[in-house]
Student: 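One structure, pasted below without further comment.
Just so we're on the same page: letters track the sequence lines, and every chain starts at 1.
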There are 2 protein chains.
Amino acid sequence: MDTQVFPDMIERLREAGIPVTFPRLAIARVLFTHPVHVSAEQVLERVREIAPDIARGTVYNTLNLFVEKGMLRELIVDPTRVYYDSTTTPHHHYYDVTTGELWDVPVGQLRVVGTPDLPAGAVLEDIDVIVRVRRRAA
Amino acid sequence: MDTQVFPDMIERLREAGIPVTFPRLAIARVLFTHPVHVSAEQVLERVREIAPDIARGTVYNTLNLFVEKGMLRELIVDPTRVYYDSTTTPHHHYYDVTTGELWDVPVGQLRVVGTPDLPAGAVLEDIDVIVRVRRRAA
DNA sequence: TTCCATGCAAAGGGTTTGCACTCTC
DNA sequence: GAGAGTGCAAACCCTTTGCATGGAA
């Protein structure tokens, strides 16, 4: 299979220690060309514009793989689906509960102060801040 | 139907403006006797220990009703299910990604500082802070 | 009688899994 | 030829919905 079509993404997969394949390149291209906040189904849809034969299962597996390898961040914000954030640098999020829209809090705008008190044997994985916003009825 | 079995919960429903029925009392009892963090299925299970005939749909509907009326808070923390918090006072959460365990950050221990920048026509609904924790492999 | 609440069962939607096939090393 | 990756379809699980029944005002 021709894996040379997305040359910009090959290095990125290699750095993460992920064997390069065509579906992975296509998915990486959807995710990493620009910063995005997307659901798995949105990724599937956009990937199929490039490569119509890619399977749903492959997209889901690949997203989980990317998360595991630290290329992608899972956002647990919406009760009905997982969103993925292609920016892995620490930052927080706005979430519009009316529209499902999701966008970044500029770094430094909000900050969590204080010392978390972790149980023995526990490791801090992440601190998520979600600013939930509702569009006012006009 | 005998709605007098859980006298302590009747007042609570009335204050929230919710017509008192037996299933609602049983569900309220599971939620409000002690502070809890529970999923809908856990509520169903515990309610059925008291009242075996209560339907799954009734539990889900009632939980949504309680949230709408401000008696209960939804926690979007786990990608596979919604958790409900019977404490509605503002506070943040620890979440153990290994076990699914969920507990409160003591009030004042962590604080979000800064000014959120909301788009025009948007109203701040809530700021959620979730401290994700992982049990270290022994 | 009208409306709301309930039980029951089925549908819905996002995600995962099983299996056979292909490709690579 | 062994193992990994993929496509396809079905299974899975949480949640919602439709419908008929029963009760309350």
Student: Name all residues meeting the side-chain contact (heavy atoms from CB on, under 4.5 Å) criterion together with B/D117; count only those two or more places apart in sequence or in a different chain, and write none if there are none.
Tutor: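 Checked B/D117 against side-chain contact (heavy atoms from CB on, under 4.5 Å); matches are A/Y94, A/Q109.
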Student: Restricting to pairs with a member in residues 91-102 of chain A, which pass salt bridge (charged side-chain N to carboxylate O under 4.0 Å, His left out), not counting sequence neighbours?
Tutor: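 Residue pairs with at least one partner in residues 91-102 of chain A: A/D96-A/R135, A/E101-A/R135.
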Student: When the distance from CG of B/L44 to P of C/dT6 is rounded to whole Å, what number comes out?
Tutor: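 The distance from CG of B/L44 to P of C/dT6 comes to 14 Å, rounded to the nearest Å.
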Student: Could you state the atom-to-atom distance from CD of A/E41 to P of C/dT15 in whole Å?
Tutor: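 So the CD-P distance, A/E41 to C/dT15, works out to 7 Å.
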Student: Are OP1 or OP2 of D/dT16 and a side-chain N or O of B/Y60 less than 4.0 angstrom apart?
Tutor: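 It does not, given that no N or O in the side chain of B/Y60 lies less than 4.0 Å from OP1 or OP2 of D/dT16.
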Student: Could you tell me the separation between the CD atom of A/E41 and the OH atom of A/Y60, rounded to the nearest 0.5 Å?
Tutor: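 So the CD of A/E41 and the OH of A/Y60 are separated by 3.5 Å.
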Student: With rounding to the nearest 0.5 Å, note down the distance linking CD1 in A/I18 to CD1 in A/I10.
Tutor: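 Going from the CD1 atom of A/I18 to the CD1 atom of A/I10 covers 13.5 Å.
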Student: Quick one: name the residues clustered hydrophobically with B/V107, using the 4.5 Å side-chain heavy-atom rule over I, L, V, M, F, W, Y, and just say none if it's on its own.
Tutor: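 None; B/V107 is a cluster of one.
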Student: Go through residues 63-84 of chain A and report each residue with a non-hydrogen atom lying under 4.0 Å from DNA chain D, sorted by number.
Tutor: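 Going residue by residue through residues 63-84 of chain A, none turns out to have a heavy atom under 4.0 Å of DNA chain D.
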Student: For nucleotides 2-9 of chain D, give me one character per nucleotide, 5' to 3': B if any protein heavy atom sits under 4.0 Å from the base, S if the only such contacts are to the sugar-phosphate, - if neither.
Tutor: ---SSBS-
Student: Could you list the donor-acceptor pairs under 3.5 angstrom formed by side chains in residues 43-50 of chain B, with sequence neighbours left out?
Tutor:
| from | atom 1 | to | atom 2 | distance (Å) |
| --- | --- | --- | --- | --- |
| B/R48 | NE | B/I54 | O | 3.0 |
| B/R48 | NH2 | B/I54 | O | 3.0 |

Student: Side-chain contact, heavy-atom cut-off 4.5 Å: B/I76 with A/V77?
Tutor: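 No; the side chains remain at least 4.5 Å from each other.
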Student: If you measure only the distance, is there a donor-acceptor pair under 3.5 Å linking the side chains of B/H93 and B/D128?
Tutor: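 No pair is found: no donor N or O on one side chain lies under 3.5 Å from an acceptor on the other.
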